[in-house]
Structure formats: structure tokens, C-alpha cells
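A quick write-up on the structure given underneath.
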2 protein chains.
Amino acid sequence: MTDAAIATPIEPKRARGRPRKTVDERDDGNRRPELLKAAALLFRRQGFAATTTRDIAAAAGMQSGSPFYHFKSKHALLYAVMEEGMHSALARQAAAIEVSARDSKANTPQVQLRCLVRAHFDVLHGPGSDFIPVMLYEHRSLLVRQRTALAQLQVQYESAWSPALEALHASGQLRAPVKLARLLILGALSWSVQWFDRKKGASLDELADAACALFVNPCGTDQELRSNFARSPTD
Amino acid sequence: MTDAAIATPIEPKRARGRPRKTVDERDDGNRRPELLKAAALLFRRQGFAATTTRDIAAAAGMQSGSPFYHFKSKHALLYAVMEEGMHSALARQAAAIEVSARDSKANTPQVQLRCLVRAHFDVLHGPGSDFIPVMLYEHRSLLVRQRTALAQLQVQYESAWSPALEALHASGQLRAPVKLARLLILGALSWSVQWFDRKKGASLDELADAACALFVNPCGTDQELRSNFARSPTD
DNA sequence: CCTACCGATCGGTAGG
DNA sequence: CCTACCGATCGGTAGG
């Protein structure tokens with residue numbers, strides 16, 4: 001707690017210069033991130049079961065046994081990829097929400113949804129975007145306890161959509177039940193992993209526009225337009 | 001073309017009584033369908049790479065080498081599952097389209113879409129519904145030539161959605177570009193494989209209702225309501 | 001469709 | 001993090 005920490009080499013974490021091993025994070029020159037990145041790429045392209053730990057080792061420039069110095073099993077590697085993906089996704093989502101909240105004037109539910117959609121496409125297709133697709137498509141390869149551990153983060157990610165969806169539903173701009181709407185919307189976006197190609201076709205912004213146009217009904221019952229609707233023949 | 005076909009045993013296919021082997025379809029008591037069904041179930045639950053041909057043999061009540069009497073390789077088994085799934089899906093889709101077309105009075109684009117959506121949910125979650133999910137989630141496990149062969153059937157299945165979507169777009173009831181809308185909609189439906197549970201929650205009909213409510217905008221520009229919108233402040 | 005089997009590969013480890 | 005290796009498993013086949 002004092003300046004002594006500066007002089008003594010017992011600082012618990014993140015010593016400058018060449019990194020030191022800890023019990024928690026033995027990092028040895030920090031090849032761990034490279035392994036994770038290689039694993040994410042290969043798991044995404046080939047699937048978990050079809051990827052060998054030797055493939056991953058080679059992609060990271062190591063020998064066949066070396067990944068097991070960093071991860072105690074192939075399953076631990078899979079879990080680490082997904083966990084890292086979720087933390088990164090949550091961070092990106094939080095940033096998107098904060099940005100839309102900053103401009104309180106334009107912070108309508110439509111804008112909030114659009115930001116969430118755009119952030120989700122970024123997570124799926126932006127740079128370094130192999131981690132979350134692995135989580136989406138290799139969920140069944142996890143061990144049971146790993147699945148339950150991840151579930152928390154997933155619930156957190158999905159919950160962030162609720163306020164905007166509830167508001168849109170209340171104003172009649174989202175016509176499906178909120179819970180089903182969230183499942184269908186997230187599915188529509190996530191499925192883009194199967195067909196989206198960054199190099200051709202629409203941009204991520206155009207994609208987000210199309211998705212919002214598809215889901216959000218502009219003539220909600222709360223709009224000024226509503227008065228034109230309210231007087232139905234049954235009045 | 002004449003009655004002769006009834007009397008003579010040279011009818012090319014589907015002889016009554018115990019089935020006969022052909023070069024094309026050696027069926028030997030017809031255990032092939034059982035193998036396909038077992039393979040579909042296991043491929044869906046565990047994935048292609050994580051399922052062994054021994055698993056499949058055991059599930060069909062055979063010994064480990066026997067699947068290779070019916071299929072020349074594990075990949076051929078995978079392809080057969082997907083091909084069967086697509087043919088079944090196309091048949092169900094055609095039936096749904098025919099039903100909606102029969103009642104020409106109520107055959108609006110909305111009704112057409114609703115029928116397609118409902119048929120798709122049936123394909124994904126109805127009885128014997130392991131084949132199409134395998135096709136959706138094990139696409140990358142196919143060999144290249146298998147993938148190109150399946151592509152024809154998939155294009156056919158997806159094309160059937162175009163007329164309804166085009167009509168809805170033209171009337172302003174579908175606000176996203178048709179091509180992107182089809183991809184997003186099919187994705188939203190197909191993703192339900194990940195979360196839908198037949199034993200709890202919504203029924204397939206409720207699901208179809210929610211999906212249509214989400215995608216289709218009831219106040220299109222062609223509706224009678226349109227006249228209320230057309231006079232925007234810029235007029 | 002079964003029996004018996006082969007060659008190859010794979011996750012993981014010991015020991016340094 | 002490498003070397004050398006083990007035990008188990010897997011897709012596929014011959015021969016009946």
C-alpha cells in the first residue's frame with residue numbers, strides 16, 4: 001500500500017519489462033493470446049471436433065504438446081475462446097449503449113435498437129471476429145459446467161436488448177411479444193455468420209439499416225400518426 | 001402406358017412384396033432408412049465430427065463395419081441425411097404453397113408468407129425433424145462437390161419465398177430490401193433450432209404468428225390507410 | 001450384414 | 001516450451 005511496492009519486486013501483477021510468471025496467469029512470453037486467436041480461427045472454420053490440438057499448435061508456431069502447457073485440455077481452450085469472445089462482445093455493447101445514451105435528445109428506442117444491432121454485427125463480422133461465432137456454433141461442444149458458466153454472460157448480453165424492445169413494443173412499433181421478438185431478432189442477426197461476406201454485397205451499416213427496417217414498424221400507435229388509425233370502423 | 005404393366009413383373013420400380021435389390025438402391029431388407037435416421041439424430045446432437053460411425057451403427061442395431069455396406073463413407077452418410085432433409089422440406093413447402101393457393105380469395109401475400117413460415121417451423125421442429133437442422137449446422141462438414149450439389153435444392157427452397165416477399169415489399173408492408181429481408185427472415189426462423197423447445201413455451205403456431213407480426217408491417221402504403229399517410233408535411 | 005483387423009491419428013503426459 | 005511417447009479411438013476394408 002506504500003511506495004515500497006515500487007522498490008521491491010513483489011508487485012503482484014503486470015511487472016514492466018519481461019513479464020513474470022504468476023500462479024494465476026503463467027504467461028511465459030505471453031503466447032497464450034496467440035493460441036487463443038489461432039484456436040478461434042480454426043474452431044470457427046472447421047468446428048471444435050474437427051480441429052486438432054496439433055492444428056492449433058502449428059498455427060501458433062508451436063510443437064504438438066505445447067498448447068497443454070497453457071491450457072489443461074482442448075475443452076479448456078474452447079471455453080477460453082468463448083469467454084474472451086463474450087467479454088469483448090459485452091464491452092463493445094456497453095460502449096454502443098453509452099454512445100447512444102450520451103445524446104439524450106436523439107436517444108429514442110429506435111436509435112437504441114439500431115446501436116445494438118450495429119454493435120452486434122460488429123461483434124460478428126468486425127476485425128478479430130472469430131470468437132463469438134465459435135460461441136454461437138460450438139455451444140454443444142462445451143462441457144455442462146462450462147455451459148452454465150457462460151450462461152451468465154449470455155443472459156447479460158441479451159438483457160441489454162430488453163429496454164429498447166419493451167419501449168418499442170409499448171409504442172406499437174414492435175408488434176411481436178418482446179421475448180419472442182428478441183429471440184427472433186438475435187437469430188436473424190447471428191445467422192448472418194452463415195452468409196455475410198465483408199468483401200462483397202452490403203456493408204455492416206446497410207445490414208443494420210435493413211434489419212431495423214425489417215423489425216421496427218414506423219407507424220406505432222403512439223405516434224402522431226396514431227390518431228389517424230385509432231378511429232377504426234368499430235368506434 | 002397400358003394395362004400390360006399390371007401383368008408383367010418388369011415394372012422398373014417399387015415391386016410389391018419383399019423389395020428387390022437394384023444396382024442403384026441395394027436395400028437388403030431396407031435398413032438404410034434406419035441408418036439415416038440414427039445418423040441424423042446423432043449428427044444433430046453431437047455434430048458430424050464428434051459422431052463416430054460406430055455410434056451410428058450401434059443406434060441402428062448393427063456392428064461397427066456395417067454402415068459401410070450401405071454408404072461408402074461417413075461423408076456419404078452426411079450428404080444422404082441432408083439430401084433427404086431437403087427433399088422432405090421441399091415437399092412440405094410445396095404442399096403449404098398449394099394449400100394457400102387453393103383459397104384464391106384469401107391468398108394474400110401475408111397469408112402466403114404465414115404459410116411459408118409455418119411450413120419452415122414444421123420442417124425444423126416437427127416429427128422427424130433432425131435432417132434439416134443437420135443441413136443447417138453441418139454445412140461446413142460437407143465436401144466441396146457435395147456442397148455444390150445441395151446448393152441447387154437450397155436455392156429452390158429459398159426462391160419459393162420471393163413472390164410473397166416481393167409483393168409485400170411492393171405494398172410497403174415489408175420495409176427492408178427483399179434479398180436481405182429473405183436472408184434475415186430465414187435466419188430468424190432457422191436459429192430457433194437453438195432455443196425452441198416443443199415441450200414448453202410457445203407452440204409452432206404462436207411462433208409463426210410472432211414471426212409474421214415482427215416482419216410484416218400492417219400499414220403498408222397500398223392499404224386504405226395509406227391515404228392518411230400520403231399527405232406528409234412536405235406535400 | 002458380421003468378424004477381425006489395419007493404418008493413421010488424436011488428446012494428453014513425463015521429463016527435461 | 002520441446003522431445004518422445006502412450007493408450008485409445010476411428011474410418012474403412014477383406015473375406016466370408
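Proteins come first, then strands; the chains are lettered A, B, ... in the order of their sequence lines, and each starts at number 1.
Residues B/Trp161 and B/Phe215 keep their aromatic ring centres 6.0 Å or farther apart. Under the 6.0 Å cut-off for aromatic ring centres, A/Trp191 and A/Phe121 do not qualify, their centroids lying 6.0 Å or more apart. Between A/Tyr157 and A/His120, the distance separating the two ring centers is shorter than 6.0 angstrom.
For the pair A/Leu77 CG and C/dC10 P, the computed distance is 15 Å after rounding to whole Å. Per the geometry, CG belonging to B/Leu35 stands 14 Å off C1' belonging to C/dC2, to the nearest Å.
A/Ser190 contributes a side-chain N or O that, together with a main-chain N or O of A/Leu186, makes up a donor-acceptor pair within less than 3.5 Å.
Judged by Watson-Crick or G-U wobble contacts below 3.5 Å, the nucleotide D/dG16 has C/dC1 as its partner. Across all strands shown, the partner of C/dA8 is D/dT9, judged by Watson-Crick or G-U wobble contacts whose two distances both fall under 3.5 Å.
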Under-3.5 Å N/O pairs linking protein and nucleotides 12-16 of chain C:
from	atom 1	to	atom 2	distance (Å)
C/dG12	OP2	A/Lys74	N	2.7

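Between the side chains of B/His75 and B/Ser141, no donor-acceptor pair is found at a separation under 3.5 Å. Neither side chain, B/Gln112 nor B/Ser100, offers a donor N or O lying under 3.5 Å from an acceptor on the other.
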